[in-house]
Amino acid sequence: MPTTISIRKQLYWSLLSYEGWSVHLAAVEEGLCFVGSHNQPFEELTEWAKRRMPGFDLLHDDGVMQLYADEFIRYLQGELEQFTLPIYYKGTPFQEAVWKALCDIPYGETRSYSDIATDIQKPSSVRAVGTAIGANPILITVPCHRVIGKNGSLTGYRGGMEMKMKLLQLERSI
């Protein structure tokens with residue numbers, strides 16, 4: 001009987017620590033696929049990987065992740081407004097439409113949940129938009145921090161409200 005070999009894919013990760021920021025980054029061959037919440041333990045990444053990337057092995061590799069880390073540092077220094085390295089996300093078609101709409105929000109600007117619902121031509125799906133935004137695995141790069149309440153209030157954020165406020169202040173949109 002022939003032996004079958006299962007080749008697992010790699011999910012590379014690194015911890016970015018820079019001037020008070022501490023976030024886990026992870027990428028697959030296709031691009032960056034995960035940016036964690038500020039100051040969260042490694043388990044945030046491992047739990048996400050179990051749910052969303054079965055069949056991948058986590059491999060700590062600062063070298064592979066260095067290009068991503070460099071872009072994040074430039075962003076955190078206020079020198080980079082648009083990430084250029086590839087990203088890779090996998091969700092439902094609805095989630096992916098929402099995440100793409102988030103990427104279209106310019107640096108330093110904000111949009112409301114209803115704006116995003118209108119942008120994806122689903123104006124009555126504001127709550128579903130909020131759910132899709134909450135499932136965004138690539139914080140900062142897919143800029144869900146730029147989404148605020150219709151009345152201008154800061155609303156929930158997977159990374160926590162302090163992280164959201166810091167990002168908006170960095171971009172000077174609050």
Side-chain angles (χ1 to χ4, degrees), residues 13-14 16 18-28 30-40 44-45 48 51-53 65 67-174:
W13 71 273
S14 183
L16 172 69
Y18 176 77
E19 296 201 0
W21 286 91
S22 179
V23 295
H24 287 94
L25 307 176
V28 291
E30 296 85 355
L32 185 70
C33 62
F34 178 85
V35 176
S37 305
H38 175 57
N39 273 344
Q40 289 301 303
E44 180 190 30
L45 170 59
W48 173 83
R51 286 189 322 273
R52 304 298 301 166
M53 302 297 280
M65 298 304 297
L67 290 173
Y68 297 105
D70 290 346
E71 279 211 348
F72 271 86
I73 289 169
R74 289 182 52 224
Y75 169 82
L76 294 171
Q77 291 172 336
E79 297 175 5
L80 180 75
E81 294 183 2
Q82 182 72 40
F83 290 90
T84 61
L85 292 170
I87 60 173
Y88 173 77
Y89 50 70
K90 186 171 64 172
T92 67
F94 182 84
Q95 287 173 325
E96 291 184 12
V98 169
W99 299 338
K100 182 187 177 316
L102 296 175
C103 291
D104 293 336
I105 303 172
Y107 180 93
E109 295 184 22
T110 59
R111 299 289 185 274
S112 70
Y113 293 89
S114 58
D115 291 336
I116 301 299
T118 299
D119 289 349
I120 65 167
Q121 300 177 357
K122 304 268 187 192
S124 63
S125 60
V126 175
R127 285 188 177 188
V129 164
T131 300
I133 289 172
N136 171 22
I138 314 174
L139 298 181
I140 303 171
T141 311
V142 176
C144 53
H145 61 277
R146 296 179 188 155
V147 180
I148 60 174
K150 194 172 190 172
N151 64 0
S153 64
L154 294 186
T155 55
Y157 184 62
R158 178 172 66 88
M161 295 305 291
E162 181 183 346
M163 182 177 178
K164 182 172 188 162
M165 192 172 310
K166 281 183 175 183
L167 293 169
L168 291 173
Q169 287 170 339
L170 173 72
E171 297 182 5
R172 295 171 188 83
S173 55
I174 63 166

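Residues take their numbers from the sequence shown, with the count starting at 1. Quick note: numbers below take in every heavy atom, side chains included, and nothing from hydrogens, waters or symmetry partners.
Annotation: side chain to side chain donor-acceptor pair (under 3.5 Å) contacts involving residues 118-142, sequence neighbours excluded, are absent.
Y68 and S14 form no side-chain donor-acceptor contact under 3.5 Å, judged by distance and modelled atom types alone.
Y157 is linked by a ring-ring contact (aromatic ring centres under 6.0 Å, His included) to nothing, counting only residues two or more places apart in sequence or in another chain.
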Inset, instruction - List the steps and the verdict of side-chain contact (heavy atoms from CB on, under 4.5 Å) for M53 and F34. - result: CA-CA 10 Å; M53 302 297 280; F34 178 85; over 6 Å; no

Inset, instruction - Apply side-chain contact (heavy atoms from CB on, under 4.5 Å) to I140 and M163, showing your working. - result: CA-CA 10 Å; I140 303 171; M163 182 177 178; 3.8 Å; yes

Legend entry - Verdict with supporting geometry, L170 and K166, side-chain contact (heavy atoms from CB on, under 4.5 Å): CA-CA 6 Å; L170 173 72; K166 281 183 175 183; over 6 Å; no

Inset, instruction - Evaluate the criterion side-chain contact (heavy atoms from CB on, under 4.5 Å) for residue pair T155 and V147; output intermediate values, then yes/no. - result: CA-CA 8 Å; T155 55; V147 180; 5.5 Å; no

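Taking the six-membered ring where tryptophan is involved, the planes of Y89 and W99 are perpendicular, since the angle between them exceeds 60° and thus also 30°. Using cut-offs of 30° and 60° for the angle between ring planes, the H24 and W13 rings count as tilted.
Nearest heavy atom pair, residue A101 against residue I120, reads CB-CG2, 3.9 Å. Taking each heavy atom of K150 and S112 in turn, the nearest pair found is CA-CB, 3.8 Å. Across all their heavy atoms, S37 and E44 have their closest contact at OG-OE2, 2.8 Å.
Looking at R52, its side chain does come within 3.5 Å of a backbone N or O of K90 through a donor-acceptor pair. Of the possible polar contacts, one joining the E96 side chain to the G91 backbone as a donor-acceptor pair under 3.5 Å is found.
No more than 12 heavy atoms of other residues, nucleotides or ligands shown are found within 6.0 angstrom of CD on E162.
With rounding to the nearest 0.5 Å, the separation of CG in L16 from NE2 in H38 is 11.0 Å. Atom CD of E71 is separated from atom CG of L80 by 5.5 Å, given to the nearest 0.5 angstrom.
Evaluated for a salt bridge (Lys or Arg N to Asp or Glu O under 4.0 Å) with R146, the options E81, E109, E171 yield exactly one hit, E171.
Using a 4.0 Å cut-off between charged side-chain N and carboxylate O, K100 and D104 make a salt bridge.
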